[in-house]
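Accompanying notes for the structure given below.
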Amino acid sequence: MRKPVKALLFFILPFGLLFTAFYLVPIGYAIKQSLYKVERTGTFGPAREVFGGLEQYQRVLENGPFWESIGRVLLFGVVQVPIMLGLALVLALLLDSGLVKGRRFFRLAFFVPYAVPGVVAAIMWGFLYSPNLSPFTTVTSNVDLLSADLVLWAMANVVTWVYVGYNMLIIYSALLAVPTEVYEAARIDGAGQFRTAWSIKIPLVMPAIVLTTVFSIIGTLQLLAEPQVFRTFSSAVSSTYTPNLTVYSTSSIPNFNLAAAFSVVLALATCALSFAFLKMTQRRGGEQ
Amino acid sequence: MRNRILPMLIMGAGTLYFLVPIWWLLVGASKTRGQFSSTEPLWFADFALFDNLGELFAYREGVFLRWLANSLAYTGGAALLGTLLAAMCGYALAKYRFPGREAIFNVVLSGVLVPATALALPLFLIFSSFEATNTFWSVFLPSLVNPFGVYLARIYATASVPDELLEAARLDGSGEIRTFFQVSSKLMFPALVTIFLFHFVAVWNNFLLPLIMLGEERLFPVTLGLYSWNTQVNQAPELRMLVLVGALVSIVPLVIAFLLLQRFWRNGLGAGAVK
């Protein structure tokens with residue numbers, strides 16, 4: 001067969017060009033930027049960009065607040081991601097179990113928060129946490145949810161609220177795709193609802209759970225909108241609270257070279273964590 | 001039956017958790033300014049929603065409406081065009097064998113893992129070297145690219161467009177491009193709606209890129225506009241009411257889109273995860 005070269009170019013080039021211009025080139029540019037530094041001759045002399053090798057990375061390594069912010073989002077992720085996905089899984093299993101009436105309503109009700117943009121959700125919850133406005137006064141008048149100790153978990157709640165329904169829907173769709181004969185067999189063998197869910201349904205939807213976990217890891221490392229909004233509600237959120245905030249505030253100084261080095265390190269960390277998680281689950285899947 | 005009580009309780013608790021904040025927003029947005037902090041937060045007082053909306057849309061020469069229109073332009077345009085581009089690319093990667101196919105796919109797929117800041121900051125520097133920051137295009141063009149859409153389109157095309165059908169179309173003398181638009185894209189349509197919805201939500205929610213690119217208020221999308229008002233609440237307390245009402249209004253387009261396209265996302269959403 002004659003290769004349809006023209007058609008292929010027509011299909012691939014438009015996306016390919018945009019992907020190159022707005023993904024590959026910026027990544028290359030960030031790497032290049034991170035290898036340069038700004039040098040001044042004297043205190044008031046003109047600034048010049050000169051090659052600095054790995055000097056910016058040296059500064060990243062020595063930057064305490066940046067690594068604190070990485071630690072903070074890792075802590076956030078270790079606690080929030082399992083809670084969020086656990087909730088999503090339980091709700092999806094219940095929807096799928098046949099024990100619940102009004103499935104269409106619940107599915108929609110749980111999904112609605114996903115329609116709320118992250119910034120807007122953070123503003124809403126910021127109000128809900130504020131003692132003078134909140135409907136939950138018994139809570140907010142006794143506990144300061146916006147204090148330095150709790151504000152991280154207050155934000156975890158916002159992220160959980162937005163994304164449980166979305167993750168639930170992905171897992172639920174995976175459950176719907178399982179042929180019913182599989183369950184029939186289990187029922188004939190005398191397996192109860194709980195047993196079926198634990199030993200049959202969860203293993204079958206593992207790919208969906210892995211996918212949602214990877215996306216959640218990426219999302220956690222990229223936390224920006226929520227902490228940025230919470231800075232107006234709570235003085236406990238500093239300008240280096242999350243890695244992305246650090247990048248943003250470094251670039252507003254402006255110190256683009258250091259900010260670029262931060263971004264490169266963050267991108268590498270994100271990819272490394274996602275791949276490590278994928279490899280881990282694949283290996284475990286292979287042993288079974 | 002007894003064993004249904006616990007599941008229904010959990011579902012009920014979930015419904016409260018997910019919907020009470022939105023109920024609170026709806027109720028709060030319907031009150032007058034004085035009543036907002038003095039009356040029961042979860043129940044209506046005097047109904048002033050339309051007055052509030054009027055005030056919101058009139059504030060500073062209707063800048064909020066401008067933001068809404070901007071968001072629709074950024075989001076609707078980028079999602080429509082972006083879905084088409086992702087669909088074509090994913091389709092080609094699924095249905096044609098050519099050297100470098102897997103390499104292209106892997107590069108695109110790893111694009112999914114790149115954090116937004118790693119892109120937004122260099123994009124700002126690149127656009128500023130062309131003196132193109134603070135323009136509509138500086139937000140619109142980068143929003144067109146959706147690597148995850150290519151990934152989904154490839155899976156859907158493999159699943160829903162049979163090779164025999166393409167062969168038959170070739171024998172009938174239909175060109176490859178015409179076949180895509182007249183046959184394949186129709187078979188992929190439910191999947192394309194899913195990709196469109198994902199893309200729409202992603203761009204509608206995008207905060208960092210406009211935050212970095214745009215300085216001029218008239219170009220803001222609604223998220224950035226509400227954010228900028230919220231940062232001014234301490235100096236200008238009258239903005240608080242507008243932020244609340246605006247937050248409610250900003251949710252409406254997505255809720256409508258979800259409701260209208262429900263039958264697509266209900267079934268299509270999981271397809272990417274199952275394979």
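We name chains A, B, ... by the order of the sequence lines, and we start the count at 1 in each one.
Ring orientation note: the planes of A:Phe110 and B:Phe18 are tilted relative to one another, at an angle of 30° to 60°. Using cut-offs of 30° and 60° on the angle between ring planes, the pair B:Trp24 and A:Phe127 is tilted. Relative orientation of the A:Phe10 and B:Phe181 rings is perpendicular, given thresholds of 30° and 60° on the angle between their planes. Note: A:Tyr114 and B:Phe258 have parallel aromatic rings, judged against thresholds of 30 and 60 degrees for the angle between ring planes.
Proximity to chain A (any heavy atom under 4.5 Å) is shown, for B:Leu119, by both the backbone and the side chain. For a residue to count as touching a neighbouring chain, one of its non-hydrogen atoms must lie under 4.5 Å from one of that chain's; by this rule B:Tyr17 touches chain A with backbone and side chain alike. Using a 4.5 Å cut-off between heavy atoms, B:Phe127 contacts chain A through its side chain alone, with no backbone atom that close. Contacts between A:Ser34 and chain B at a heavy-atom distance below 4.5 Å are absent for every atom of the residue. Heavy atoms closer than 4.5 Å to chain B are found nowhere in A:Leu87, neither backbone nor side chain. With a 4.5 angstrom heavy-atom cutoff, A:Lys101 touches chain B via backbone and side-chain atoms both. With a 4.5 angstrom heavy-atom cutoff, B:Val243 touches chain A only via side-chain atoms. The contact between B:Val114 and chain A is made by backbone and side chain atoms together, counting heavy-atom distances below 4.5 Å. Within the 4.5 angstrom heavy-atom criterion, no atom of B:Leu84 approaches chain A. If you measure heavy-atom distances from B:Pro253 to chain A, you find no contacts under 4.5 Å at all. Proximity to chain A (any heavy atom under 4.5 Å) is shown, for B:Val222, by neither the backbone nor the side chain. If you measure heavy-atom distances from A:Val120 to chain B, the contacts under 4.5 Å come from the side chain alone. No part of B:Val252 comes within reach of chain A, as not one of its non-hydrogen atoms sits under 4.5 angstrom from that chain. For A:Leu18, the parts sitting under 4.5 Å from any heavy atom of chain B are the backbone and the side chain alike.
Across B:Ile10, B:Val255, B:Ile177, the residue that shares the most heavy-atom pairs under 4.5 angstrom with chain A is B:Ile177. When B:Pro147, B:Ala86, B:Ala92 are compared by the number of non-hydrogen pairs under 4.5 Å with chain A, B:Pro147 comes out ahead. Heavy-atom pairs under 4.5 Å with chain A were tallied for B:Gly90, B:Ala247, B:Pro142; the largest tally goes to B:Pro142. Interface remark: of the candidates A:Phe233, A:Phe215, A:Phe275, A:Phe215 forms the most heavy-atom pairs closer than 4.5 Å to chain B. Contact tally against chain B (heavy-atom pairs below 4.5 Å) for A:Val112, A:Ile217, A:Asn157: the top residue is A:Asn157. The greatest number of non-hydrogen atom pairs below 4.5 Å with chain A, out of B:Leu141, B:Leu244, B:Leu42, B:Val112, is found for B:Leu141. Between chain B and the residues A:Asn244, A:Leu95, A:Ile12, A:Thr212, the largest count of heavy-atom pairs under 4.5 Å involves A:Asn244. Counting heavy-atom pairs under 4.5 Å between each of B:Leu123, B:Ile22, B:Leu125, B:Ile104 and chain A puts B:Leu125 at the top. The residue among B:Gly28, B:Ala87, B:Gly111 with the most heavy atom pairs within less than 4.5 Å of chain A is B:Gly111. Ranked by heavy-atom pairs under 4.5 Å with chain B, the list A:Leu128, A:Thr270, A:Val247 is led by A:Leu128.
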What do the steps show when you test A:Phe15 against B:Val108 for side chain to side chain contact (heavy atoms under 4.5 Å, CB included), and what is the final call? CA-CA 10 Å; A:Phe15 180 86; B:Val108 172; 4.0 Å; yes
For a side chain to side chain contact (heavy atoms under 4.5 Å, CB included) check, start with the C-alpha distance between A:Phe105 and B:Thr15, then their side-chain angles and the critical distance, and finish with the verdict. CA-CA 9 Å; A:Phe105 167 77; B:Thr15 308; 3.8 Å; yes
Test side chain to side chain contact (heavy atoms under 4.5 Å, CB included) on A:Val119 and B:Asn205 and set out the steps. CA-CA 8 Å; A:Val119 179; B:Asn205 289 352; over 6 Å; no
Under the criterion side chain to side chain contact (heavy atoms under 4.5 Å, CB included), I'd like the reasoning laid out for A:Leu108 against B:Leu259: C-alpha separation, chi angles, the key distance, then a yes or no. CA-CA 9 Å; A:Leu108 199 59; B:Leu259 285 176; 3.5 Å; yes
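Atom CD of A:Gln228 and atom CG of B:Leu208 lie 9.0 Å apart (nearest 0.5 Å). Between the CD1 atom in B:Ile212 and the OH atom in A:Tyr248 there is a gap of 7.0 Å [rounded to 0.5 Å]. For the atom pair CD1 (A:Ile123) and CG (B:Leu25), the distance works out to 10.5 Å, reported to the nearest 0.5 Å. Of the inter-residue distances, the one linking B:Leu121 atom CG with A:Ser251 atom OG reads 5.0 Å to the nearest 0.5 angstrom. Between atom NZ of residue B:Lys95 and atom CZ of residue A:Phe11 there is a gap of 12.0 Å, rounded to the nearest 0.5 Å. Rounding to the nearest 0.5 angstrom, the gap separating the OH atom in A:Tyr23 from the OG atom in B:Ser110 is 10.0 Å.
Between A:Phe19 and the choices B:Asn146, B:Val150, B:Val145, the side chain to side chain contact (heavy atoms under 4.5 Å, CB included) rule is met once, by B:Val145.
Contact between B:Glu176 and A:Pro4 at its shortest, heavy atoms only, is CG-CB, 3.7 Å. The shortest heavy-atom contact between B:Ala118 and A:Ser263 is CA-CB, 3.6 Å. The two residues B:Leu254 and A:Ala115 come nearest to each other via the heavy atoms CD1-O, 3.1 Å. Closest non-hydrogen pair, B:Pro21 versus A:Met124, comes out as O-CE, 3.4 Å.
Inter-residue side-chain proximity for B:Thr231 and A:Arg231 is flagged as unmet; no heavy-atom pair is nearer than 4.5 Å. The shortest side-chain heavy-atom distance between B:Val107 and A:Leu24 falls under the 4.5 Å cut-off. For the pair B:Met11/A:Leu94, a side-chain contact is recorded, criterion being any heavy-atom separation below 4.5 Å from C-beta on. Looking at A:Phe106 and B:Met8, their side chains come closer than 4.5 Å, going by heavy atoms from C-beta outward. Side-chain contact between B:Pro122 and A:Gln33: absent, with no pair of heavy atoms (C-beta onward) separated by less than 4.5 Å.
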